[in-house]
Visitor: 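The structure under discussion is supplied below as structure tokens; questions concerning it will follow.
In what follows, chains carry the letters A, B, and so on, assigned in the order in which the sequence lines appear, proteins first and then strands, with residues in each chain numbered from 1. Heavy atoms only: backbone and side chains are in, while hydrogens, waters and symmetry mates are out.
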There are 2 protein chains.
Amino acid sequence: MASTKTGAQGGRRRPTVADVAREAGVSVATAGRALGDYGRVGDALRDQVRAAAARLDYSPNGVARSMRSGGTRTIGFVGVDISNPYFATAMRGICDVARKEGYEAILANSDDRLDIERAAVKVLLEKQIEGIVVAPNAVIDVGHLQRAQELGVPVVLLDRHSGVLDADSVVIDNEAAAREAVSHLLRLGHRRIGMLLCVDPSESPELLRRAGTGRLEVHGAARPSIDRIRGYVAAMDQYGAPTAAELIRYTVVGEAAHLEREAEALLDLPEPPTAVFAADNVATQGLFTAVRGRGLGIPDDISMVGFDDLDWTTLVDPPLTVVAQSPMDMGRIAAERLFARIKGDDSPGERIILPTELIVRSSAAGRDAVHTV
Amino acid sequence: MASTKTGAQGGRRRPTVADVAREAGVSVATAGRALGDYGRVGDALRDQVRAAAARLDYSPNGVARSMRSGGTRTIGFVGVDISNPYFATAMRGICDVARKEGYEAILANSDDRLDIERAAVKVLLEKQIEGIVVAPNAVIDVGHLQRAQELGVPVVLLDRHSGVLDADSVVIDNEAAAREAVSHLLRLGHRRIGMLLCVDPSESPELLRRAGTGRLEVHGAARPSIDRIRGYVAAMDQYGAPTAAELIRYTVVGEAAHLEREAEALLDLPEPPTAVFAADNVATQGLFTAVRGRGLGIPDDISMVGFDDLDWTTLVDPPLTVVAQSPMDMGRIAAERLFARIKGDDSPGERIILPTELIVRSSAAGRDAVHTV
DNA sequence: CCCCCTTGTGAGAACGTTCTCTCGGAGTGA
DNA sequence: TCACTCCGAGAGAACGTTCTCACAAGGGGG
């Protein structure tokens, strides 16, 4: 005997305000007022209606309410990949703020693909969400986000900034963060410094090559990967260390295996780097694994600085020197900006830059002068 | 001059089917049919309507659609904490399946608090979601979940099973997994084996103590923590190793600092254990940190087996022997069950047990016979 | 030639809530 | 006592979509 409760069929018709009104012996209008706390209702009738509602186990229909009053009390978050701790933590921050405001959050993963992001935004708009936090894949091709704004749905950018879109963005100063990390290595005496990172698929190798040689100009300061390369180049230039295309290795997101191969390619260079800057958390893990696989000692054989202060960076031996940021704060602040917009703030889009911190631990050490080129 | 697009005010009225109909010079009914692909429309008029819709940049109002047709094409996931990689990965699995089905997912964090979970379920029901995946805090006090089922909203349990609720659940065999882990240590010759874990706040110490001595009887095989303790006790008994309350240390979730203290207490015992089983990923990290902090060698001074095969467990030295499960599969399978229910399957609730695997690496080693008690 | 069936279209109801409008009655001040 | 205000209550519209029903035109078969 199959339970009728387990599946979907068994849904008894849910009581409506009309049912409650009938039960309480009042009009629909009065029942609505008593339940919804609007308008004026007499105390006696209010209690009567409330009792009837309790008796019927009445629960309001949010869809109908949204239909009538326009607000869905729902926001959307379009992240790259929730299984990445960075976005998971950001989502946590967003949810916390949303809950405080009495909102819920719908999650969508874009996998760093613009078409998926576009489709997700479209669906979210159809669902009449009241705002979107998005980690955008493209910083120029933002028509779908502009459309959201035109429809009155505020957009807040997380992790990436767009020079084209007039929206709030919550970011870190990627260039400065990378510069600080690389400068740290340079000050320790390293001159031949490699860089390892993930880029998103839309990034052309050509673009990256130009970035690597410092001759990149992207409209309105763009995506983290490019900015971090810029910071790397700037630091190298400042200390008079030669840069070379062969020193910057990358792979597209989602292909961690390739990344490890790139790391190995770096180590196999005829003249291998004495230190490597891993510019994101995936690269940090890939580099660490590759170095370990080669049986190289950190920092004795090679120094490294990673990105993102994930739990494990203090668990490994040696604990890693990393650039730390706070995705939880990012999510929280992005959501706070979003709710300010939802409440009516229409000041020009603001670029909020959250601090990063170079946490010096033990994976980067000084280089003897004799070894320096 | 503030942009009117950034904030919320600037929302121009969105075009409706009526607007499209007027633009195309047809009736609302015909426009609706042409846009919604239902009923019969002439080819000429269909194109005419589509063109008009494109001209107006029409996008359907999902709330109105849901209102009329009942379905919101939205499901909910009530997890404990999305910033925990376990739930983040599960959420990823859920989202993937949902997307394939043309659904979106709303996320709520319960922080392992029953009141928050209850409130979340209530809100989700008001929002008329079509199904819920939940990692429930309580396995007996499930009235809110039963209510969902009665309203025709299917519920699938993730990570935990309830003997009371007739719902699908996707779990691992926690007792067997723990038994396997502890047996591994026992076979290596260890006899004095500690256990470290997190429990949720609703778990009384009294209950735990009884679990520790193997005299626990919980209605319908309950929560992971209890089951894992049971598995520990079973293995110890099987090998004739004495158990003792002092060997099982725990803390409530969300208090990682306390956890490390408990780990240290374990190490400071007059007669310290020669091996420890950390029964969840937080405990694994806490134990590893504490052992490291004491300058003890793994596995020379103390052996350990962890739980959950997080990335970092292969990055540390030595790589950790762990019990691995697949939260991604869990999420995916839970969502698949949910959609089967949504589509009408009303067979009795099924308990799906996913396999776990003891991944033997290098954190547990043999114990010389002479040292054995 | 008429009837019936098919096809294409329009009018209007329905979903469940909120909100505006109206109205009766009670209370108050002149 | 009358006019006015204020409060509580009900009737009904509105939100935007889908869906049922009715109807008109056209074609084919008897």
Visitor: Can you find a donor-acceptor pair, distance only, under 3.5 Å between B:Arg68 side chain and D:dT18 base?
Guide: yes
Visitor: Just how far, in rounded Å, is C1' of D:dG8 from CG of A:Asp43?
Guide: 11 Å
Visitor: Without decimals, in angstroms, what is the distance between A:Arg14 CZ and C:dT17 C1'?
Guide: 15 Å
Visitor: For A:Met67 and B:Arg33, take the nucleotide of DNA chain C holding the closest heavy atom to each; which residue's nucleotide lies nearer the 5' end?
Guide: B:Arg33
Visitor: Which of these nucleotides, D:dA9, D:dG16, C:dT18, is closest to any side-chain atom of B:Thr16?
Guide: D:dG16
Visitor: Rounding to a whole Å, what distance do you find between B:Arg40:CZ and D:dC23:C1'?
Guide: 17 Å
Visitor: Does C:dG10 have OP1 or OP2 sitting under 4.0 Å from an N or O in the side chain of B:Thr30?
Guide: yes
Visitor: Less than 3.5 Å apart, any donor N or O on the side chain of A:Arg341 or A:Gln149 sitting next to an acceptor on the other?
Guide: no
Visitor: Using whole Å, what does the distance between atom C1' of nucleotide D:dC15 and atom CD of A:Gln128 come to?
Guide: 11 Å
Visitor: side-chain contact (heavy atoms from CB on, under 4.5 Å) with A:Pro154: which of A:Ile132, A:Asp168, A:Ile342, A:Ile75?
Guide: A:Ile342
Visitor: Should the ring pair B:Phe77 and B:Phe87 be called parallel, tilted or perpendicular, given that the plane angle runs from 0 to 90° and is split at 30 and 60?
Guide: tilted
Visitor: Would you indicate whether A:Arg55, at its atom CZ, is surrounded by more than 12 heavy atoms from other residues, nucleotides or ligands within a distance under 6.0 Å?
Guide: yes
Visitor: Could you state the atom-to-atom distance from CZ of A:Arg46 to P of D:dC7 in whole Å?
Guide: 14 Å
Visitor: Do A:Arg50 and A:Asp47 pass the salt bridge (Lys or Arg N to Asp or Glu O under 4.0 Å) test, and can you show the C-alpha distance, the side-chain angles, and the key distance before you say yes or no?
Guide: CA-CA 5 Å; A:Arg50 295 259 171 96; A:Asp47 293 348; 5.6 Å; no
Visitor: Please work out if A:Val41 contacts a base, only the sugar-phosphate, or nothing of the nucleic acid, heavy-atom cut-off 4.0 Å.
Guide: sugar-phosphate
Visitor: Of the candidate nucleotides C:dT18, D:dT17, C:dT9, which contains the atom at the shortest distance from the side chain of A:Arg65?
Guide: C:dT18
Visitor: Across the strands shown, which category fits A:Gly42 at heavy-atom distances under 4.0 angstrom: base, sugar-phosphate, nothing?
Guide: sugar-phosphate
Visitor: Whole angstrom is fine here: how far is it from CG in B:Asp37 over to P in C:dG8?
Guide: 14 Å
Visitor: Look at the side chain of B:Ala29 and decide which nucleotide, out of C:dG12, D:dG16, C:dT17, has an atom nearest to it.
Guide: C:dG12
Visitor: Can you measure A:Gln48 atom CD to D:dG10 atom C1' for me and round it to whole angstrom units?
Guide: 15 Å
Visitor: In whole Å, I'd like the distance from the OH atom of A:Tyr38 to the P atom of D:dG10.
Guide: 13 Å
